[in-house]
Visitor: 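Dropping a structure here in structure tokens format, bear with me for questions.
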Amino acid sequence: MRFAPSPTGSPHIGNIRTALFTWLFARKHGGVFILRIEDTDRARYVEGSVQEIMDSLRWLGLDWDEGPYFQSQRLPLYREVAEKLVKTGHAYRCYCTPERLEELRRQQEAAKQPTGYDRRCRYLSDEQRAKIEAEGAPYVIRFAMPLEGETVFHDQIRGEIRFENALIDDFVMLKSDGFPTYHLASVTDDHHMGITHVIRGEEWISSTPRHVQMYLALGWEMPKFAHLPMILGTDRKKLSKRHGSVQFVEYIQQGYLPEAMFNFLALLGWSADEDRELYSREELIERFDLSGVQENPAIFDGQKLLWMNGVYIRRKPIEELTQLCLPYLQQARLMPPDPTPQQIEYAQRVIALEAERMKLLSEVVPLTEYFFRDTLEYEEKGVRKWFTQPYVAQMLEMLIERYTTLEPFDLEHIEATTRAVADELGVGAAQVIHPTRVAVSGRTVGPGLFEMIEVMGKERVLQRLRAALEMIRQGAKD
RNA sequence: GGCCCCAUCGUCUAGUGGACUAGGACACCUGGUUCUCAGCCAGGAGAUCGGGGGUUCGAAUCCCCCUGGGGCUACCA
């Protein structure tokens, strides 16, 4: 099995999903998973994309057994195969210029004819050929497709697919710059690398008859083909830039967990016959089967992925989750680059309180900000609703006074003390809890108040209560 | 235009001739838990299986046509 991406840009969800399915299949059947970089188009090569591909695979835990191989380093092999086909009459040199080809296509389009090479050079006589060769004209090597009959192959997912040979033109195998096209390179490598199952995207179906004919011409054993359904954007169009983040690395940055992404991607276009959606990596390997692969394209909708990520975040042991969140906190300057054990301990307790609200690791910043900052930003709505209550100033004074002497400053005592204040004030507990939350966090939503106060610690809480009291008194004067 | 692939709730999907008053999940709505949110629990709404013909005692499941969507149609992959 192999995953053979082309380094023409940052890998997207679809590319990685193909890698995942291939990997799953290889692991399930004890096969060898090979990474092969199809860098045969020098013009479209994007610097750094190979690294991104490898980083993405590693991040997801898709380890490869061999490679990466680079097709650009195997040029002589492809030429050898192409020449062999020329010798056996299955291929020929074509000297047509790009200009002629373009003109030909224009005419065909104008005449509403199917476009394609007219095979002119296929029928050149030896003398004509020798003459052109003598001039040193550049050439490509084209495969000579059978002129009649049809090519039939059995797709592991879709069953039998057939194409009429006459409709397939003599495609280029070797370009004039000496590089192979995809067709030549992949067939050659798949054969030499002992690939038994070619698993790739649906967009390759129409190229498969060419590959089949090459195998036949070369006398090579045919691998099995499996064409995965495509992944479309919410507008049912092929995934592209305007669909938001389609680049895989962006998901990594936003704080998706590899476990969640793995699980989600495995279920995009594949399913086991059971009412379940949460699977571990091992369970997926155990269950994966080409027969469970969907034939119709799937629309990529991030909502379910987001939900699943939340599930996996909540399942994470808190120590691990804290380590995962740390980089985000540091980037936001909420934590220093080299935190002390005490600071990590504090962050961990904070994260434990907010974890169930987190769907992305990056959300740790907006979610926990107020635990770390010296000065709070108050939510306008909360201030208006709660700081205007007549009893609030008195309430804050009482809380400050009692918290100051409260020992130990723990959950149980904080709760008892706070509720006692409500009783004395003759109001419901909620009437105290809500304004206090605003005073202490600046917000109207968040974790349970008493837990929050306990984690913040006495000093920080007192300071915030005083600040709130000051603010209310100022407001009263105006 | 030509060739090819595909078609079940908004989305991911289960379903391979009778167990289907079409199941699950996300999202959505309601109720419960509770100091808010989230979480959790319970419930609800949501698909005449794209349309039309067949085959059959019986079709989401098989066949044909139509429609729709997608892919390919490069010296790109």
Side-chain angles (χ1 to χ4, degrees), chain A residues 4-8 38-41 43-44 94 96-98 101-102 105 108-109 111-117 138-142 155 157-158 161-164 167-169 171-183 185-186 200-209 227 229-230 232 234 236-238 264 267-278 291-292 294-308 310-311 314 354-359 367 382 415 418-419 422 428-434 436-438 441 443-450 452:
Chain A
S6 60
T8 53
E38 313 229 311
D39 54 346
T40 56
D41 186 349
R44 293 210 309 155
C94 168
C96 292
T97 62
L101 262 19
E102 203 178 310
R105 181 161 48 242
Q108 288 167 334
E109 277 168 7
K112 289 204 184 289
Q113 294 289 311
T115 56
Y117 182 56
Y139 65 89
V140 299
I141 295 183
R142 287 183 184 272
D155 185 274
I157 294 167
R158 292 153 214 277
I161 298 178
R162 46 183 60 211
F163 288 83
E164 220 175 302
L167 264 19
I168 301 171
D169 71 350
F171 59 94
V172 174
M173 293 192 301
L174 198 71
K175 308 181 218 176
S176 57
D177 65 1
F179 275 67
T181 59
Y182 172 88
H183 310 298
S186 71
R200 72 222 313 188
E202 187 186 333
E203 67 270 28
W204 290 108
I205 290 180
S206 47
S207 295
T208 306
H227 291 96
M230 307 207 43
L232 272 24
T234 42
R236 298 193 161 274
K237 291 280 183 320
K238 202 174 178 180
F264 178 77
L267 260 30
L268 198 55
W270 173 85
S271 69
D273 178 14
E274 41 184 359
D275 288 341
R276 224 234 271 200
E277 47 278 308
L278 263 15
S291 67
Q294 195 79 10
E295 290 165 43
N296 50 310
I299 290 171
F300 178 76
D301 179 3
Q303 277 181 328
K304 195 163 183 173
L305 171 59
L306 208 53
W307 160 77
M308 201 174 270
V311 171
R314 273 174 255 126
E354 292 284 7
E356 64 191 22
R357 261 163 291 266
M358 214 185 289
K359 285 193 160 58
L367 243 24
E415 174 155 9
T418 311
R419 287 190 188 279
Q431 302 302 110
V432 167
I433 287 168
H434 293 307
T436 307
R437 172 178 286 108
V438 176
S441 72
R443 306 182 178 192
T444 55
V445 300
L449 179 69
F450 311 124
M452 198 161 90

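For clarity, every value in this text was computed on a predicted model and none was experimentally measured. Numbers restart at 1 for each chain; the letters A, B, ... are given by sequence-line order, proteins then strands.
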Visitor: With heavy atoms under 4.0 Å as the rule, sort A/P180 into base, sugar-phosphate or nothing.
Guide: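 If one applies the 4.0 Å heavy-atom cut-off, A/P180 turns out to touch the sugar-phosphate alone, with no base involved.
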
Visitor: Does any non-hydrogen side-chain atom of A/I433 lie less than 4.5 Å from one of A/F450?
Guide: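 Contact flag for A/F450/A/I433 side chains = yes.
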
Visitor: Should A/Q294 be listed as having a side-chain N or O under 4.0 Å from OP1 or OP2 of B/A14?
Guide: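 True: A/Q294 side-chain N/O within range (under 4.0 Å) of B/A14 OP1/OP2.
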
Visitor: With a 3.5 angstrom cut-off on both distances, give the Watson-Crick or G-U wobble partner of B/A14, or none if there isn't one.
Guide: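 Because no pair has both required distances under 3.5 Å, B/A14 counts as unpaired.
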
Visitor: Does A/C96 reach the side chain of A/Y117, with side-chain heavy atoms less than 4.5 Å apart?
Guide: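 The answer is yes; the side chains approach within 4.5 Å.
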
Visitor: Give the rounded distance in Å between these two atoms: CZ of A/R105 and C1' of B/C75.
Guide: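 Those two atoms, CZ and C1', are 11 Å apart.
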
Visitor: Looking only at heavy atoms, what is the nearest atom pair of A/F179 and A/D39, with distance?
Guide: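 Closest pair (atom of A/F179, atom of A/D39, distance): CE2-O, 4.0 Å.
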
Visitor: Give a yes or no answer on whether the side chain of A/R437 reaches the backbone of A/P447 with a donor-acceptor pair at less than 3.5 Å.
Guide: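 The answer is yes, because a donor-acceptor pair under 3.5 Å joins these two groups.
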
Visitor: Only counting residues at least two apart or in another chain, list the ones meeting side chain to side chain contact (heavy atoms under 4.5 Å, CB included) with A/A185.
Guide: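 A/A185: side chain to side chain contact (heavy atoms under 4.5 Å, CB included) contacts with A/T40, A/Q71, A/Y78, A/P180.
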
Visitor: Using whole Å, what does the distance between atom C1' of nucleotide B/C72 and atom CZ of A/R200 come to?
Guide: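 Going from A/R200 (CZ) to B/C72 (C1'), I get 12 Å.
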
Visitor: Provide the distance between the two C1' atoms, one in B/A45 and one in B/A25, to the nearest whole Å.
Guide: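 Each nucleotide's C1' atom is 16 Å from the other's.
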
Visitor: If the P atom of B/A14 is compared with that of B/G23, how far apart are they to the nearest Å?
Guide: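 Between the two P atoms, the distance is 15 Å.
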
Visitor: What's A/S271 touching, base or sugar-phosphate or nothing? Going by heavy atoms closer than 4.0 Å.
Guide: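 Result for A/S271 = sugar-phosphate.
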
Visitor: Expressed in whole Å, how much space separates the C1' atoms belonging to B/U11 and B/G69?
Guide: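 Result for the C1' pair: 16 Å, nearest Å.
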
Visitor: When you measure from the side-chain N and O atoms of A/N296 to the phosphate of B/U8, is any distance below 4.0 Å, counting only OP1 and OP2?
Guide: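 Yes, because at least one side-chain N or O of A/N296 sits under 4.0 Å from OP1 or OP2 of B/U8.
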
Visitor: Could you list all N or O pairs between the protein and nucleotides 34-40 of chain B that sit under 3.5 Å apart?
Guide:
{"residue": "B/C35", "atom": "O2'", "partner": "A/H434", "partner atom": "ND1", "Å": "3.4"}
{"residue": "B/C35", "atom": "O2'", "partner": "A/H434", "partner atom": "NE2", "Å": "2.8"}
{"residue": "B/C35", "atom": "O2", "partner": "A/R437", "partner atom": "NH1", "Å": "3.3"}
{"residue": "B/C35", "atom": "O2", "partner": "A/R437", "partner atom": "NH2", "Å": "2.6"}
{"residue": "B/C35", "atom": "N3", "partner": "A/L449", "partner atom": "N", "Å": "3.0"}
{"residue": "B/U36", "atom": "O2", "partner": "A/T444", "partner atom": "O", "Å": "3.3"}
{"residue": "B/U36", "atom": "O2", "partner": "A/G446", "partner atom": "N", "Å": "2.9"}
{"residue": "B/U36", "atom": "O2", "partner": "A/G446", "partner atom": "O", "Å": "3.4"}
{"residue": "B/U36", "atom": "N3", "partner": "A/R437", "partner atom": "NH2", "Å": "3.3"}
{"residue": "B/U36", "atom": "N3", "partner": "A/G446", "partner atom": "O", "Å": "2.5"}
{"residue": "B/U36", "atom": "O4", "partner": "A/G446", "partner atom": "O", "Å": "3.2"}
{"residue": "B/U36", "atom": "O4", "partner": "A/P447", "partner atom": "O", "Å": "3.3"}
{"residue": "B/U36", "atom": "O4", "partner": "A/G448", "partner atom": "N", "Å": "3.1"}
{"residue": "B/C37", "atom": "O2", "partner": "A/R357", "partner atom": "NH1", "Å": "2.1"}
{"residue": "B/C37", "atom": "N3", "partner": "A/R357", "partner atom": "NH1", "Å": "2.6"}
{"residue": "B/C37", "atom": "N3", "partner": "A/G446", "partner atom": "O", "Å": "3.4"}
{"residue": "B/A38", "atom": "O2'", "partner": "A/E356", "partner atom": "O", "Å": "2.6"}
{"residue": "B/A38", "atom": "N1", "partner": "A/E356", "partner atom": "OE2", "Å": "3.2"}
{"residue": "B/A38", "atom": "N3", "partner": "A/E356", "partner atom": "OE2", "Å": "2.5"}
{"residue": "B/G39", "atom": "O3'", "partner": "A/R314", "partner atom": "NH1", "Å": "3.4"}
{"residue": "B/C40", "atom": "OP1", "partner": "A/R314", "partner atom": "NH1", "Å": "3.4"}

Visitor: A/T40 near the nucleic acid: base, sugar-phosphate alone, or nothing, with a heavy-atom cut-off under 4.0 Å?
Guide: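 Touches sugar-phosphate only.
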
Visitor: Could you tell me how far B/G32 sits from B/C12 if I compare only their P atoms? Round to whole Å.
Guide: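 Each nucleotide's P atom is 34 Å from the other's.
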
Visitor: Side chain to side chain contact (heavy atoms under 4.5 Å, CB included) between A/T208 and A/I161: does it pass, once the steps are laid out?
Guide: CA-CA 10 Å; A/T208 306; A/I161 298 178; over 6 Å; no

Visitor: How close do A/E295 and A/I157 get, heavy atom to heavy atom, and via which atoms?
Guide: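 Distance-wise, the nearest heavy atoms are OE2-O, 3.7 Å.
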
Visitor: What interatomic distance, in whole Å, is found between C1' of B/A47 and the corresponding atom of B/A38?
Guide: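 One C1' to the other, the span is 31 Å.
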
Visitor: Look at all strands and tell whether A/G269 reaches a base, only sugar-phosphate, or nothing, counting heavy atoms closer than 4.0 Å.
Guide: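 Answer is sugar-phosphate: A/G269 comes under 4.0 Å of backbone atoms only.
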
Visitor: Return the value, rounded to whole Å, for the distance between atom NZ of A/K175 and atom C1' of B/A74.
Guide: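 Result: 10 Å.
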
Visitor: Can you tell me the base-pairing partner of B/A7? Count Watson-Crick or G-U wobble geometry only, both distances below 3.5 Å, and say none if there is no partner.
Guide: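 When the pairing criteria are applied, B/U67 turns out to be the nucleotide that pairs with B/A7.
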
Visitor: Between atom CD1 in A/I299 and atom P in B/A7, what is the gap in whole Å?
Guide: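 My rounded result for the distance is 13 Å.
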
Visitor: Would you mind reading off the distance between A/R142 atom CZ and B/C75 atom C1', rounded to a whole angstrom?
Guide: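 In whole Å, B/C75 C1' lies 8 Å from A/R142 CZ.
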
Visitor: Here's a test for you: under side-chain hydrogen bond (donor to acceptor under 3.5 Å, both in side chains), which of A/E203, A/E202, A/R200 qualifies with A/H227?
Guide: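 By the side-chain hydrogen bond (donor to acceptor under 3.5 Å, both in side chains) criterion, A/H227 pairs with just one of A/E203, A/E202, A/R200: A/R200.
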
Visitor: Quick one: look up who B/G43 pairs with, Watson-Crick or G-U, both distances under 3.5 Å, and put none if it's unpaired.
Guide: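 Across all strands, the one nucleotide that pairs with B/G43 is B/C29.
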
Visitor: How many Å lie between CG on A/L267 and P on B/U11, as a whole number?
Guide: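 These atoms are roughly 17 Å apart.
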
Visitor: Is there a side-chain contact between A/P229 and A/N296 in this structure, where contact means two heavy atoms from C-beta onward sitting under 4.5 Å apart?
Guide: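 When only atoms from C-beta onward are counted, A/N296 and A/P229 do not touch, as no gap falls below 4.5 Å.
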
Visitor: In whole angstrom, give the distance that lies between atom CZ of A/F179 and atom C1' of B/A74.
Guide: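 That distance rounds to 17 Å.
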
Visitor: Fit a plane to each ring of A/H183 and A/F171, take the angle between them on a 0 to 90° scale, and name the class: parallel (under 30°), tilted (30 to 60°) or perpendicular (over 60°).
Guide: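 Rings of A/H183 and A/F171: perpendicular, as their planes differ by over 60°.
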
Visitor: How about A/I205 and A/F163: do any of their side-chain heavy atoms sit closer than 4.5 Å?
Guide: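 Yes, their side chains come closer than 4.5 Å.
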
Visitor: Sticking with atom C1', work out how far B/A7 lies from B/G51, rounded to a whole angstrom.
Guide: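 Straight-line distance between the two C1' atoms is 12 Å.
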
Visitor: Counting Watson-Crick and G-U wobble pairs only, both distances under 3.5 Å, name the nucleotide matched with B/G1, or none.
Guide: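 Looking at the geometry, B/G1 pairs with B/U73.
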
Visitor: Tell me what A/V140 touches on the nucleic acid: a base, only sugar-phosphate, or nothing, going by heavy atoms under 4.0 Å.
Guide: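 Base, at least one base atom sits under 4.0 Å.
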
Visitor: Among B/G24, B/A77, B/G71, which is the nearest nucleotide to the side chain of A/K304?
Guide: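 Ranking B/G24, B/A77, B/G71 by closest atom to the A/K304 side chain puts B/G24 first.
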
Visitor: For B/C9 and B/C65, measure between their C1' atoms and round to the nearest Å.
Guide: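 These two C1' atoms come out 27 Å apart once rounded.
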
Visitor: Whom does B/U21 pair with, Watson-Crick or G-U wobble, provided both distances fall under 3.5 Å?
Guide: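 Paired with no nucleotide.
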
Visitor: Could you check how far CZ of A/R44 sits from C1' of B/A77, rounded to whole Å?
Guide: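 Distance check: A/R44 CZ to B/A77 C1' gives 5 Å.
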
Visitor: Between A/L278 and A/W307, which heavy-atom pair has the shortest distance, and what is it?
Guide: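 What the structure gives for the nearest pair is CD1-CH2, 4.0 Å.
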
Visitor: Where each residue is assigned the nucleotide of RNA chain B containing its nearest heavy atom, which of A/G292 and A/T181 is assigned the position nearer the 5′ end?
Guide: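 So the residue in question is A/G292.
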
Visitor: Hey, which of these two, A/D301 or A/E38, hits RNA chain B nearer its 5' end, going by closest nucleotide?
Guide: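 Of the two residues, A/D301 wins.
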
Visitor: Between B/G52 and B/C72, how far apart are the C1' atoms? Round to whole Å, please.
Guide: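 That atom pair is separated by 30 Å.
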
Visitor: What's touching nucleotides 1-5 of chain B from the protein side, N or O pairs under 3.5 Å?
Guide:
{"residue": "B/C5", "atom": "O2'", "partner": "A/R158", "partner atom": "NH1", "Å": "2.6"}

